[in-house]
Amino acid sequence: MQTFPIPANEAQRLARLHGLGILDTLPQKAFDDISALAQMICGTPVALITLIDQDRQWFKSRIGLEEQETPREVAFCSHAIMDPEQVMMVENLQLDPRFNSNPFVAGPAGARFYAGAPIVTHDGFALGTVCVIDLKARSLQPDQLGALRRLASLVTSLLEHESVRLEEARLQHEQLTAMAISGLDLQVYIDTQHVYQHVNDTFLAYWGCTREQIIGRSVAEHVGEEAFRTIIQPQLVRALAGEPGFYARKPDFPGRGPRHVEVALLPVRNPRGEITGAVMRAQDVHETRAREAQLQQTVALLEQKTLEQDRFIHVISHDLREPINTVNNFTSLLVADHVDELSPPAQRYLSFVRSGGQRMGFLLDDLLHFVRLGNHAVQLRPLEVSRLMHQLQDDLAPLLQRTGGHVECAPHAPVVADEPLLRIVLKNLTSNGLKFSRQGVPPVVRIAVEGDDSGHRIHVHDNGIGIAEEHQQDIFDMFKRLHTRKHFEGSGLGLSVCRRVAQLHGGSISVQSTLGEGSRFTLHLPAAPAAPQLA
């Protein structure tokens with residue numbers, strides 16, 4: 001077997017081939033269709049589109065052959081490209097001294113026939129062939145040879161069209177890269193040699209320099225060797241290997257002063273998928289860091305306030321409770337043991353003291369209840385409202401006896417709620433329904449439950465005095481009272497507690513009321529409780 005010949009214009013031919021960017025690309029249907037046509041026209045088991053590189057023969061398309069490429073010295077096509085004007089046909093490879101010892105002829109492959117039409121560019125460079133191979137000696141008819149020549153010409157058109165497309169894609173890529181480095185962030189394009197190739201105006205403003213002072217300069221030279229080696233280089237190398245890199249630093253920018261920045265390094269690829277550099281995007285987060293520091297201080301203050309609140313609750317529940325209990329206990333003893341010894345004015349004054357002490361005790365209980373709700377961990381589980389109401393009968397017994405009222409609650413499907421919190425709501429709403437009754441009308445409170453896919457609604461309906469429409473939005477505010485204590489007792493915190501409980505469940509509470517007829521309060525409990533948003 002003779003060694004492969006080399007065309008006189010080999011250097012230019014290889015430059016033209018490499019410039020097309022077609023080597024080592026993925027299979028394409030258009031080229032495979034041409035191979036299939038060559039096989040059908042010539043009736044051979046093997047049909048190829050070959051490109052002759054410096055040391056190899058690479059197949060853009062192949063039928064009947066497993067290899068993706070072969071060494072150039074065993075390529076029949078290395079001889080075919082020597083005469084770009086002719087289709088080379090070898091009727092019996094065993095009889096040709098150029099090929100009789102070729103491993104594809106003498107070896108198991110057993111090639112006997114070859115015909116190859118050179119793929120020639122418009123400027124005269126033979127890049128490879130459209131060729132067919134058979135396992136038996138034979139020849140082709142003139143019309144078959146002409147068809148091979150036309151197929152080779154079609155491959156040339158496709159290759160040059162693909163080259164134009166790749167060039168357009170390259171230009172588009174450069175335009176997109178230029179667009180990508182515009183904007184408010186500091187953005188630059190760095191090539192594989194760690195040299196700046198593009199910068200945006202924001203980068204120049206921060207660094208207080210011109211494009212001419214940056215473009216073509218290495219990153220290490222610009223930021224300093226130590227900062228480059230210890231911070232930037234590891235992430236830049238990572239990006240140039242195909243993986244995004246991230247880091248944070250605080251440079252002293254000549255145009256802005258010391259600023260915290262968060263930097264992302266993203267690999268940039270050309271249309272063939274090769275990494276050509278990295279885009280560096282630096283976001284100024286100095287104000288964000290300052291706000292974070294301020295937020296941390298605020299959180300620390302809130303934690304301190306929470307500790308103070310806990311101490312305050314302790315003072316209320318212990319230190320304040322004791323004198324209130326003392327006042328209430330001794331006024332009760334005075335009433336029980338000595339009221340007849342007091343003059344009518346003294347009895348009236350004692351009544352004021354006793355009433356005030358009791359109100360103070362009620363207010364203290366409600367206030368502690370309200371404040372402690374914020375520390376309650378909501379634990380949801382299925383609950384039967386009728387069972388809870390039955391358990392509340394003892395708590396409500398004195399009020400039921402005093403008002404002559406009663407409560408109705410038929411069994412219903414379970415609701416999903418926190419039991420202690422739901423008990424508070426039911427007690428407050430039921431108590432209100434019994435207390436705020438019409439004169440001469442025994443109070444009746446009815447509890448009903450409705451449910452659907454969105455959740456459950458617990459209705460507490462009374463036949464009391466009702467609420468004027470203009471006051472219905474205000475009644476859930478803290479210490480909001482629509483009536484004097486002379487007519488109705490209470491602290492003004494009960495409905496605020498109910499609203500807070502609803503919010504802790506991710507739900508809400510609403511009211512419908514007609515003055516002089518009664519009210520209906522509705523606790524809305526979602527099927528999938530959301531995070532609480534406390535007002």
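Numbers for residues simply follow the sequence, beginning at 1. Values in this document were obtained by computation on a predicted structure and should not be read as measured data. The analysis underlying the following values was restricted to heavy atoms, covering all of them including side chains, and did not include hydrogens, waters or symmetry mates.
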*Look at D284 together with R259 and state whether they make a salt bridge at an N to O cut-off of under 4.0 Å.*
yes
*Check whether any side-chain heavy atom of M40 lies under 4.5 Å from a side-chain heavy atom of L37, and answer yes or no.*
yes
*Ignoring hydrogens and geometry, is there a side-chain-to-backbone donor-acceptor pair from T522 to S510 under 3.5 Å?*
no
*For Q294, does the CD atom sit with more than 12 other heavy atoms under 6.0 Å from it, leaving out its own atoms?*
no
*Would you call F99 and V74 a side-chain contact if the rule is heavy atoms closer than 4.5 Å?*
no
_Heavy atoms from other residues, nucleotides or ligands near CD of E67 exceed 12 (cutoff 6.0 Å)_ = yes
_Donor-acceptor contact present, side-chain H505 to main-chain D418, <3.5 Å_ = yes
_Counting C-beta onward and ignoring hydrogens, is there a side-chain heavy-atom pair between W207 and I214 closer than 4.5 Å?_
no
*Ring centroid separation Y114 to H79 under 6.0 Å*: no
*Indicate yes or no for a side-chain donor-acceptor contact from Q213 to the backbone of T210 under 3.5 Å, with no hydrogens or angles considered.*
yes
*Residues which pass side chain to side chain contact (heavy atoms under 4.5 Å, CB included) with Q54, listed by chain and number, not counting sequence neighbours*: L14
*So do N92 and K136 actually touch side chain to side chain, heavy atoms under 4.5 Å?*
no
*Tell me, please, whether Y196 has R217 positioned over its six-membered ring: NZ or CZ under 6.0 Å from the ring centre and within 45 degrees of its axis?*
no
_Within 45° cone and under 6.0 Å: R13 NZ/CZ vs F125 ring_ = no
*asked:* Let's go through E384 and H412 carefully: what are the C-alpha distance in whole Å and the side-chain angles of both, what is the deciding distance for side-chain hydrogen bond (donor to acceptor under 3.5 Å, both in side chains) to 0.1 Å, and is it a yes or a no?
replied: CA-CA 7 Å; E384 293 182 4; H412 297 93; over 6 Å; no
*Do the side chain of R62 and the main chain of E66 share a donor and acceptor less than 3.5 angstrom apart?*
yes
_Heavy-atom donor-acceptor pair, D185 side chain to Q187 backbone, under 3.5 Å_ = no
*Output yes when a side-chain donor or acceptor of Q144 lies under 3.5 Å from a complementary backbone atom of Q141, and no otherwise.*
yes
_Sidechain-backbone polar pair: D53 side chain, Q57 backbone, donor-acceptor under 3.5 Å_ = no
*Could you tell me whether a side-chain N or O of Q94 sits under 3.5 Å from a main-chain N or O of R112, the two making a donor and an acceptor?*
no
*Is a donor on one side and an acceptor on the other found under 3.5 Å between the side chain of S78 and the backbone of R72?*
yes
*Hey, mind stepping through L51 and I22 against side-chain contact (heavy atoms from CB on, under 4.5 Å) and telling me if it holds?*
CA-CA 9 Å; L51 295 170; I22 194 67; 3.5 Å; yes
_Trace of the side-chain hydrogen bond (donor to acceptor under 3.5 Å, both in side chains) decision for H122 with E160_ = CA-CA 9 Å; H122 70 279; E160 293 186 333; 2.7 Å; yes
*Is E287 salt-bridged to R291, going by a charged N under 4.0 Å from an acidic O?*
no
*asked:* So, using side-chain hydrogen bond (donor to acceptor under 3.5 Å, both in side chains) as the criterion, who are the partners of H260 when residues are at least two apart?
replied: R289
*Short side-chain to backbone donor-acceptor contact, K60 and L159, under 3.5 Å*: no
